[in-house]
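Encoded as structure tokens, the structure appears first; notes follow it.
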Protein chains: 2
Amino acid sequence: MVKALRTRATWLVSRAQVRAYSLLKEMFGAVGVRPYHYRILAALDESGPVSQAELGRATGSDRSDISVAIEALCSSGLTARQADPADRRRNVISLTDRGRSELHRLDAVLDEAQERFLAPLTRAEQVVFLQLIARLSDDEPQED
Amino acid sequence: MVKALRTRATWLVSRAQVRAYSLLKEMFGAVGVRPYHYRILAALDESGPVSQAELGRATGSDRSDISVAIEALCSSGLTARQADPADRRRNVISLTDRGRSELHRLDAVLDEAQERFLAPLTRAEQVVFLQLIARLSDDEPQED
DNA sequence: GATTATCGTTGGTGCGACCAACAGATTGGG
DNA sequence: CCCAATCTGTTGGTCGCACCAACGATAATC
């Protein structure tokens with residue numbers, strides 16, 4: 001007996017991700033921004049100025065993709081790139097003031113997206129869900 | 001104050017999906033199959049013989065993608081395609097015996113993938129998670 | 001000092017999702 | 001009955017994103 005697709009965790013996660021992403025695309029699109037722009041700005045805000053390679057590891061993207069994204073963000077004035085004097089291979093990327101205020105604007109958008117995404121659950125269920133999905137999204141589960 | 005990316009539901013779902021998909025790709029790849037082949041075989045098993053368009057709606061894929069996938073599945077003998085006498089636009093797709101036994105083989109693989117994906121949770125937590133994610137993956141939330 | 005590793009960049013590839021257009025077939029309204 | 005609208009399967013194309021390969025420049029390691 002074969003279990004229905006819609007009872008499989010991996011399938012359900014995939015469908016949920018499609019729903020989440022289309023929500024993000026719709027809402028970020030409405031303000032003229034790509035989701036991965038937000039990802040980078042948020043990671044920068046969290047970590048402070050870092051190299052592009054570290055940024056890639058923080059957001060789970062390839063160095064090469066970060067490279068072109070940073071180029072776009074810098075040329076629209078949201079981030080600044082300056083050579084690291086201590087290690088001349090590195091570019092240190094930092095948020096500009098405009099980048100920071102843009103981030104806050106986008107953050108409000110993302111907040112609403114979370115609301116809409118989690119709307120099918122009660123508040124209490126949302127808390128439980130966040131705790132469980134966090135453990136399932138951990139790439140390297142800790143082995144204490 | 002901007003919330004960290006790793007506390008956002010949409011981000012966590014996205015990471016979990018990446019983990020789930022790479023697990024599937026690895027395990028299905030080891031037996032020489034693409035994940036979407038399984039998806040179609042499973043949908044067929046569940047619904048019985050249906051048209052390609054219905055298959056697309058069931059699996060959430062485009063008619064055109066179904067078309068080429070079905071072509072591959074038919075030419076490897078896992079499905080059969082015959083014209084619907086009642087509606088000559090339609091191809092009725094059905095599982096062959098080989099397709100059914102292949103499905104069962106893949107089902108075992110998928111079972112193990114679910115195990116591995118859900119391993120970070122206890123059995124009880126897995127049950128809760130499945131119930132919650134199912135509601136979050138529902139594209140058209142019911143409004144009773 | 002020579003090998004090894006890391007950084008940023010460019011360019012290319014694969015895959016899945018999506019859209020456009022088409023011919024053939026069916027349905028529905030006037 | 002007939003015309004318009006819709007649906008089906010197919011081909012072909014685009015787009016976004018992830019991933020890899022290679023390179024010159026630089027750092028770190030032995």
Side-chain angles (χ1 to χ4, degrees), chain A residues 10-11 13-15 17-26 28-29 32-40 49-75 79-94 139, chain B residues 10-11 13-26 28-29 33-40 49-75 79-94 139:
Chain A
T10 51
W11 170 257
V13 168
S14 158
R15 300 313 299 171
Q17 198 272 337
V18 167
R19 184 171 153 257
Y21 192 75
S22 82
L23 223 48
L24 287 187
K25 210 171 48 176
E26 169 199 334
F28 277 139
V33 170
R34 306 225 179 258
Y36 68 84
H37 285 163
Y38 175 85
R39 264 188 285 170
I40 294 182
V50 288
S51 74
Q52 299 182 194
E54 291 175 64
L55 215 40
R57 286 186 285 268
T59 60
S61 344
D62 196 85
R63 297 186 288 289
S64 60
D65 301 318
I66 293 290
S67 181
V68 315
I70 288 295
E71 173 57 30
L73 289 174
C74 284
S75 73
T79 59
R81 174 170 36 186
Q82 65 186 116
D84 183 342
D87 184 341
R88 288 164 47 208
R89 294 171 301 180
R90 294 186 186 168
N91 290 338
V92 176
I93 310 299
S94 52
D139 232 347
Chain B
T10 52
W11 170 256
V13 168
S14 158
R15 301 313 299 171
Q17 197 273 337
V18 168
R19 183 170 155 260
Y21 191 75
S22 83
L23 222 50
L24 287 187
K25 209 171 47 177
E26 169 199 335
F28 278 138
V33 171
R34 307 228 177 257
Y36 69 87
H37 286 163
Y38 175 83
R39 263 188 286 168
I40 293 182
V50 288
S51 74
Q52 298 182 194
E54 290 176 64
L55 215 40
R57 286 187 284 268
T59 61
S61 346
D62 197 84
R63 297 185 288 288
S64 60
D65 301 318
I66 294 289
S67 182
V68 314
I70 288 296
E71 173 55 32
L73 289 174
C74 284
S75 74
T79 60
R81 175 171 33 188
Q82 66 187 119
D84 183 343
D87 183 341
R88 286 162 52 208
R89 294 170 303 179
R90 293 186 187 168
N91 290 338
V92 175
I93 311 299
S94 52
D139 233 347

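Treat the numbers as computed from the prediction; the structure is a model and nothing was measured. So you know, we letter chains A, B, ... as the sequences are listed, proteins then strands, and number each from 1.
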>> Going by side chain to side chain contact (heavy atoms under 4.5 Å, CB included), name the residues that satisfy it together with Ala80(B), two or more places apart in sequence or in a different chain.
In response: Ser94(B), Thr96(B)
> So what is the end-to-end bend of the helix from dG1(C)-dC30(D) to dG30(C)-dC1(D), with 5 pairs used at each end and the value given to 10 degrees?
Replying inline: 30°
>> Could you work out, with side chain to side chain donor-acceptor pair (under 3.5 Å) as the rule, every residue matching Arg89(B), not counting sequence neighbours?
In response: Asp87(B)
>> Could you work out, with ring-ring contact (aromatic ring centres under 6.0 Å, His included) as the rule, every residue matching Tyr36(A), not counting sequence neighbours?
In response: none
> Taking only residues two or more places apart in sequence or in another chain, which ones pass side chain to side chain donor-acceptor pair (under 3.5 Å) with Gln17(A)?
Replying inline: none
>> Is any side-chain heavy atom of Phe28(B) closer than 4.5 Å to one of His37(B)?
In response: no
>> If the condition is side chain to side chain contact (heavy atoms under 4.5 Å, CB included), which residues does Ala16(B) pass it with, not counting sequence neighbours?
In response: Val13(A), Ile133(A), Ser137(A), Phe117(B)
> Of all of residues 52-68 of chain B, which get a heavy atom below 4.0 angstrom from DNA chain C, listed by number?
Replying inline: Asp62(B), Ser64(B), Asp65(B)
> Mind checking what makes side chain to side chain donor-acceptor pair (under 3.5 Å) contact with Ser14(A), not counting sequence neighbours?
Replying inline: none
>> Reading DNA chain D in the 5' to 3' direction, which nucleotide is the first one with an atom under 4.0 Å from a heavy atom of chain B, and which is the last?
In response: dC7(D) to dG12(D)
>> Once side chain to side chain donor-acceptor pair (under 3.5 Å) is applied, do any residues pair with Ser51(B), and if so which ones, sequence neighbours excluded?
In response: Glu54(B)
> Who passes side chain to side chain contact (heavy atoms under 4.5 Å, CB included) against Thr59(A), sequence neighbours left out?
Replying inline: Ala43(A), Ser61(A), Ile66(A)
> If you look only at pairs with a residue in residues 58-72 of chain A, which of them pass as a salt bridge (charged side-chain N to carboxylate O under 4.0 Å, His left out), with sequence neighbours excluded?
Replying inline: Glu71(A)-Arg81(A)
